[in-house]
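Below, read A as the first sequence line, B as the second, and so on, with proteins coming before strands; counting in each chain starts at 1.
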There are 2 protein chains.
Amino acid sequence: MAQSDTVNRILDAAEVLFAERGFSETSLRMITSKANVNLAAVNYHFGSKNALIQAVFSRFLSPFAKNLEAELKRVSERHTDKPIDIETLLGIVTSCIVMVPAQSKTGVSVFMRLLGLAYTQSQGHLRKYLEQEYSRAFKMFMKHMREATPQLTSVDRFWRIQFMLGTTAFTMSSIEALSDIIENEMQVHSSTEEVVKRLVPFLAAGLQAPLQN
Amino acid sequence: MAQSDTVNRILDAAEVLFAERGFSETSLRMITSKANVNLAAVNYHFGSKNALIQAVFSRFLSPFAKNLEAELKRVSERHTDKPIDIETLLGIVTSCIVMVPAQSKTGVSVFMRLLGLAYTQSQGHLRKYLEQEYSRAFKMFMKHMREATPQLTSVDRFWRIQFMLGTTAFTMSSIEALSDIIENEMQVHSSTEEVVKRLVPFLAAGLQAPLQN
DNA sequence: AATCATTCCAAACAATTGTTTTAAACATAC
DNA sequence: GTATGTTTAAAACAATTGTTTGGAATGATT
């Protein structure tokens with residue numbers, strides 16, 4: 001199968017380069033030369049650069065959404081009486097994220113960095129695509145989140161979830177650079193797992209912070 | 001004075017367009033036609049597009065840094081015995097941010113959006129420029145931060161401050177898109193000021209979260 | 001072996017980018 | 001009023017962008 005090999009080589013190269021440099025700053029020529037394929041291959045297999053960007057996202061977001069929906073459904077069937085608590089809910093999300101790289105070859109940090117880019121780079125087509133493609137999984141997650149935080153108004157809950165997402169995406173995307181800094185300045189080694197351990201209490205405390213009036 | 005007028009018109013137009021679309025996605029022709037000046041004026045007055053980007057930042061970041069240093073100094077003189085607490089510290093930062101638009105014509109949301117872009121868009125030249133230009137204000141802030149959180153180890157403090165910065169930068173860089181979503185789904189209008197009000201308790205709680213072992 | 005659709009490749013395409021150039025317009029000083 | 005230096009204007013510049021093209025290679029099916 002020469003076809004799928006070329007397609008995957010393009011996706012692999014694009015994924016890394018997009019994560020490193022952003023979308024506009026990554027040219028098709030960079031991608032194809034890193035993937036060792038012909039320049040025209042991108043337009044032949046994907047149709048356009050925008051379609052390639054969407055394909056990069058759906059390759060890791062589709063398994064993640066599928067995992068998440070399945071896991072949420074599974075756990076909620078055992079919680080028919082009481083809602084799922086926050087810690088369990090966050091645990092489900094993180095475990096589903098960690099599951100994806102095991103299936104494909106995408107690293108967690110690349111995963112999160114791309115997720116962050118999708119949010120910050122105002123690529124209109126991407127945002128629309130993601131919204132209509134994964135709205136079901138997102139709404140499902142939000143439903144359980146709503147039940148787990150009844151003390152919050154819907155507006156406060158929305159924003160705090162965004163804060164959480166932002167913190168995670170940003171930290172994960174810059175984790176290598178920050179680890180280097182801290183290793184130089186304090187002679188302490190920080191693995192991704194250790195950073196996540198530090199991150200979770202931060203997020204949980206923020207999410208449950210007293211409301212300001 | 002035709003000169004300074006042209007310069008300011010370019011800065012005004014560039015500021016808005018950069019905040020709306022990002023740096024790479026904004027061409028000099030968009031800027032100059034919005035500013036009603038000739039295309040060559042940018043290279044004449046600023047030298048290059050990168051220099052223009054830096055000029056846009058320094059126009060509002062310099063007053064901010066000045067405000068912040070002055071305010072930190074002023075408050076710390078009244079706290080000779082005990083350190084400044086976190087809430088006050090974060091309050092100083094946000095109030096200094098809000099002060100700048102009153103001095104210039106830049107809106108708070110544009111200000112914050114640019115700040116977020118500076119952090120998330122990996123423009124190498126920008127990051128270096130900002131670091132060496134405003135390291136004094138940053139170090140000053142860090143010193144008070146250290147005194148305000150004596151219960152944290154330096155490693156924990158380092159990470160939590162990164163979490164904070166990440167949350168802020170991320171939220172600010174995607175604030176308009178998120179405001180649109182929440183306005184559509186919940187019929188609630190969210191100004192930047194309101195989002196900041198929601199952000200501060202989240203950050204403060206995260207910073208002071210109990211340590212995990 | 002011949003036919004077929006699929007995939008690949010080198011080249012060219014048109015459009016857009018940041019930057020530079022040339023001359024004209026302008027203001028200021030003598 | 002002439003001279004001098006500064007700012008604007010329009011055009012052209014070279015480089016890079018995403019995309020398209022026509023034909024060559026490929027590989028499976030008959």
Side-chain angles (χ1 to χ4, degrees), chain A residues 1-59 117-118 121-129, chain B residues 1-59 117-118 121-129:
Chain A
M1 273 295 142
Q3 188 259 344
S4 65
D5 189 55
T6 300
V7 168
N8 282 328
R9 284 229 301 282
I10 292 175
L11 286 172
D12 289 338
E15 188 175 71
V16 172
L17 287 173
F18 285 154
E20 280 177 2
R21 319 171 36 92
F23 305 114
S24 305
E25 295 82 359
T26 303
S27 71
L28 292 183
R29 282 166 179 81
M30 292 180 197
I31 296 170
T32 52
S33 74
K34 184 185 178 79
N36 272 317
V37 300
N38 188 268
L39 167 63
V42 169
N43 282 278
Y44 175 78
H45 285 288
F46 297 94
S48 70
K49 185 184 180 181
N50 279 347
L52 169 63
I53 296 176
Q54 296 175 357
V56 166
F57 273 89
S58 65
R59 184 168 69 150
L117 282 182
Q121 309 245 130
S122 51
Q123 300 259 349
H125 72 98
L126 223 194
R127 189 171 287 255
K128 269 185 191 164
Y129 172 79
Chain B
M1 274 295 144
Q3 187 260 345
S4 64
D5 189 55
T6 300
V7 168
N8 282 327
R9 285 227 302 282
I10 292 174
L11 286 172
D12 289 338
E15 187 176 71
V16 173
L17 287 174
F18 285 154
E20 279 177 356
R21 320 173 34 95
F23 305 113
S24 308
E25 295 82 0
T26 303
S27 71
L28 292 182
R29 283 166 180 81
M30 291 180 197
I31 296 171
T32 52
S33 73
K34 184 186 177 80
N36 273 317
V37 300
N38 188 268
L39 168 63
V42 170
N43 281 280
Y44 175 78
H45 285 290
F46 297 95
S48 69
K49 185 184 179 180
N50 278 347
L52 170 61
I53 295 176
Q54 296 175 355
V56 166
F57 273 90
S58 65
R59 185 169 65 150
L117 282 182
Q121 306 239 134
S122 51
Q123 299 257 350
H125 73 98
L126 224 192
R127 188 173 287 250
K128 268 185 191 163
Y129 172 78

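A pairwise comparison of heavy atoms in Ile10(A) and Ala41(A) identifies CD1-CB, 3.9 Å as the closest pair.
At a threshold of 4.0 angstrom between heavy atoms, the contacts of Thr32(A) with the nucleic acid are absent.
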Please list, pair by pair, any protein nitrogen or oxygen found under 3.5 Å from a nitrogen or oxygen in nucleotides 9-14 of chain C.
from    : atom 1 : to       : atom 2 : distance (Å)
dA10(C) : N7     : Asn38(A) : ND2    : 3.4

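Within the 4.0 Å cut-off from OP1 or OP2 of dT17(D), at least one side-chain nitrogen or oxygen of Ser27(A) is found. Regarding contacts with the backbone of dT8(D), a side-chain N or O of Thr6(B) is found under 4.0 angstrom from either OP1 or OP2. Remark: His45(B) is not in phosphate contact with dT6(D), judged by side-chain N or O atoms under 4.0 Å from OP1 or OP2.
Between Lys49(B) and Val42(B), the closest side-chain pair of non-hydrogen atoms is not below 4.5 Å. Contact check for Arg59(A) versus Asp12(A): side-chain heavy atoms found under the 4.5 Å cut-off. With a 4.5 Å cut-off on side-chain heavy atoms, Asn38(B) and Thr6(B) do not count as touching. The shortest distance between side-chain heavy atoms of Val56(B) and Ile53(B) does not fall below 4.5 Å.
With rounding to whole Å, Asn50(A) atom CG is found 7 Å from dT19(D) atom P. Spacing between atom CD1 of Ile53(A) and atom C1' of dG18(D) amounts to 11 Å, rounded to whole angstrom units. In this structure, Lys49(A) places its NZ atom 19 Å from P of dA15(C), rounding to the nearest Å.
In this structure, Met30(A) and Tyr44(A) both approach DNA chain D, and ranking their closest nucleotides by distance from the 5' end singles out Met30(A).
In this structure, the separation between CG on Leu52(A) and CZ on Phe18(A) is 4.5 Å, given to the nearest 0.5 Å.
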